[in-house]
Structures are given as structure tokens and as C-alpha cells.
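As C-alpha cells, the structure follows; a few thoughts come after it.
Only heavy atoms go into these numbers, but all of them, side chains included; no hydrogens, no water, no symmetry mates.
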Amino acid sequence: MKKLLPEFELKRVQQYAVDVTLDPDTAHPELILSDDGKQVNHGDVRKNLRDNPERFSDCICVLGKQSFSSDRFYFEVQVKGKTDWSLGVATESIKRKGRFKLTPQNGYWTIWLRNGNEYKALDDTLRLSLKSPPQKVGVFVDYEEGLVSFYDVDAAALIYSFTGCSFTEKLFPYFSPSSNDDGKNSAPLIISPVRVN
């Protein structure tokens, strides 16, 4: 019976799947985006791009093109083969230049992987203990409820939830493949189509 409950919960949130693509206007100059806007990885060369206000200057990250300011939405990201990454959602008014912390106070609701096995929820950097490393992470937001949840899609298990959030502006999907670390973390983050079994 217990096994069914998380699977049912994941199927429930998967029905709110949305189509997300990456926004090249926000991408850090060292990021490489696929032509279809579904994959991102870190290249070693800093491209000479116009430093528009939307673009991240120091944080190796990119936002989704689509924004959400009501209801519920869900998307999935393949993190297979990576040793470092960050995922979640961010508000429209976040700081994009210079350095900053990925915290809810700064408009970021994210989790990350560091050093291949350190998972944290970036809310007072709460360490997460996971039975196995997720290959695909699902991100679910209920705007009105103030909820951001992360799922291990293959295990149909909840990784972490931010609750009691107060959203007052547009939210954008947030992706950071982190640096490629001399090829050790060169695998891309891939926005995957949601398949409800």
C-alpha cells in the first residue's frame, strides 16, 4: 500500500505538465543551449554575448522562457551522468548580475547536487539523504498553495518540498548544469517530455 501512495502522488502532479524551453537571453555566456532549447551544458569558452539585463553574469545558469503566475505546473529534467547541478524555480525580480545565494529570501526555490553525492535543499542548506541518486527530477509548483516539490521520477519518490511559500510575481523554471569540471560534469541537463505511466 505504501508503495502505491508516492506513485499516485507523482501521477497526480504529472497531469500538470507544461512545455518548458530554455531562454537564451538569460543564459550565462559559457552555457551551450541546444537548438530546440531543451538541453544545456557548460562550455569552457565565454561567448561574446550582449550583456542584456536578463542575462546571468556570474551564476552558470539559465531560466525557462515560460513564466507562471497562477495555478499549478510541472516539468521533468534529466540529470543523468552529472556530478553537480541545481534545479527549481525563481522569481522574475531575482538578481542576475554578480554573486548571490540561491535562497527563498532571494527569490530561488532550488535543490542541488554537489561532488556527486551531496544533495541539499537550498533553504538554510538542508542536507538531503536520498536512497539512490535520481536520474530524472520532477519539479512541481502549486502557486496558490505556495508549494514547490521535487521528485525522483524513476523511483516515484518525493525528494523535498518547500511549503508555505508566498508567491507574488511570475515564476520561471531555473536550471544550472554547473561547470563541466574538466569533463567530469559535461553531461547536459535535459528537459524531458513527461510520460505518465
Side-chain angles (χ1 to χ4, degrees), residues 4-27 33-34 36-40 53-56 59 61-79 85-96 100 102-112 119-124 126 128 134-177 189-197:
L4 284 173
L5 289 173
E7 282 182 18
F8 174 74
E9 186 186 346
L10 182 61
K11 281 182 182 166
R12 183 182 68 79
V13 299
Q14 282 177 325
Q15 69 183 340
Y16 299 104
V18 292
D19 185 26
V20 172
T21 49
L22 301 167
D23 184 352
D25 289 340
T26 67
L33 275 57
S34 61
D36 65 358
K38 296 290 187 182
Q39 300 189 31
V40 58
E54 299 84 25
R55 192 177 306 288
F56 290 96
C59 179
C61 57
V62 58
L63 298 179
K65 268 186 184 172
Q66 295 75 16
S67 66
F68 304 90
S69 53
S70 65
D71 302 329
R72 302 173 176 127
F73 64 95
Y74 174 85
F75 59 96
E76 291 179 355
V77 185
Q78 183 180 302
V79 296
W85 50 260
S86 312
L87 281 177
V89 292
T91 58
E92 188 171 31
S93 64
I94 47 166
K95 187 179 173 189
R96 305 184 191 210
F100 46 82
L102 298 177
T103 62
Q105 292 78 16
N106 290 339
Y108 293 88
W109 290 266
T110 56
I111 61 170
W112 78 12
Y119 293 91
K120 284 184 179 172
L122 300 183
D123 183 9
D124 300 326
L126 175 71
L128 304 171
Q135 306 294 295
K136 194 184 281 184
V137 175
V139 183
F140 172 68
V141 175
D142 187 324
Y143 194 95
E144 275 77 20
E145 283 290 314
L147 174 74
V148 183
S149 293
F150 298 86
Y151 294 87
D152 177 336
V153 175
D154 298 322
L158 179 67
I159 297 172
Y160 183 75
S161 286
F162 291 91
T163 57
C165 312
S166 180
F167 302 130
T168 56
E169 54 182 296
K170 290 177 184 171
L171 292 177
F172 290 83
Y174 168 91
F175 310 86
S176 172
L189 287 178
I190 304 173
I191 302 169
S192 309
V194 175
R195 293 187 178 89
V196 184
N197 298 325

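- Annotation: side chain of Val141 is not in contact with side chain of Leu147 (no heavy-atom distance under 4.5 Å).
- Residue Glu145 qualifies as open at atom CD: its count of foreign heavy atoms under 6.0 Å is 12 or below.
- Note that OG1 of Thr21 and CD of Gln39 are 13.5 Å apart. Values are rounded to the nearest 0.5 Å.
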Between Val18 and Phe68, does a side chain to side chain contact (heavy atoms under 4.5 Å, CB included) hold up when you go through it step by step? CA-CA 10 Å; Val18 292; Phe68 304 90; 3.6 Å; yes

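- What you find for Tyr16 and Arg72 is that their closest heavy atoms are OH-NH1, 2.9 Å.
- Expressed to the nearest 0.5 Å, how far CD1 of Ile111 lies from CG of Leu128 amounts to 6.5 Å.
- The shortest distance between side-chain heavy atoms of Tyr151 and Val13 falls below 4.5 Å.
- Annotation: side chain of Tyr108 is not in contact with side chain of Ser86 (no heavy-atom distance under 4.5 Å).
- Distance check, rounded to the nearest 0.5 Å: CG of Leu10 to CG of Asp154 gives 9.5 Å.
- Applying the ring pair (Phe, Tyr, Trp, His ring centres under 6.0 Å) test between Trp109 and each of Tyr143, Phe150, Phe167, Tyr160 identifies Phe167 as the sole match.
- Put simply, the side chain of Lys38 never gets that close to the backbone of Leu33: no donor and acceptor are under 3.5 Å apart.
- In this structure, the side chain of Glu169 engages the main chain of Ser93 through a donor-acceptor pair within 3.5 Å.
- By the ring pair (Phe, Tyr, Trp, His ring centres under 6.0 Å) test, Phe172 pairs with no residue at all, sequence neighbours left out.
- A pairwise comparison of heavy atoms in Pro134 and Val79 identifies O-CG2, 3.2 Å as the closest pair.
- Under the side-chain contact (heavy atoms from CB on, under 4.5 Å) test applied with Phe175, the options Val139, Thr26, Leu63, Val77 reduce to a single match, Val77.
- Minimum interatomic distance between Val153 and Gly138 (heavy atoms only, all atoms of both residues): CG2-N, 3.5 Å.
- Counting only N and O atoms by type, the side chains of Glu144 and Ser70 include no donor and acceptor under 3.5 Å apart.
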Taking it one step at a time, do Lys65 and Asp19 satisfy salt bridge (charged side-chain N to carboxylate O under 4.0 Å, His left out)? CA-CA 10 Å; Lys65 268 186 184 172; Asp19 185 26; over 6 Å; no

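- Atom CG of residue Leu171 and atom OG1 of residue Thr91 lie 7.0 Å apart, to the nearest 0.5 angstrom.
- Ile94 contributes atom CD1, which lies 7.0 Å from atom SG of Cys61 (distance to the nearest 0.5 angstrom).
- Using a 4.5 Å heavy-atom threshold, the side chains of Ser161 and Phe140 count as separate.
- Checked against Val89 for a side-chain contact (heavy atoms from CB on, under 4.5 Å), the options Phe73, Phe162, Tyr174 give a single hit: Phe73.
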Would Arg195 and Glu76 count as a side chain to side chain contact (heavy atoms under 4.5 Å, CB included) here? Give the steps. CA-CA 10 Å; Arg195 293 187 178 89; Glu76 291 179 355; over 6 Å; no

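- Using a 4.5 Å cut-off on side-chain heavy atoms (C-beta onward), Ser67 and Glu92 make no contact.
- Atom CG of Asp23 is separated from atom CZ of Arg55 by 9.0 Å, given to the nearest 0.5 angstrom.
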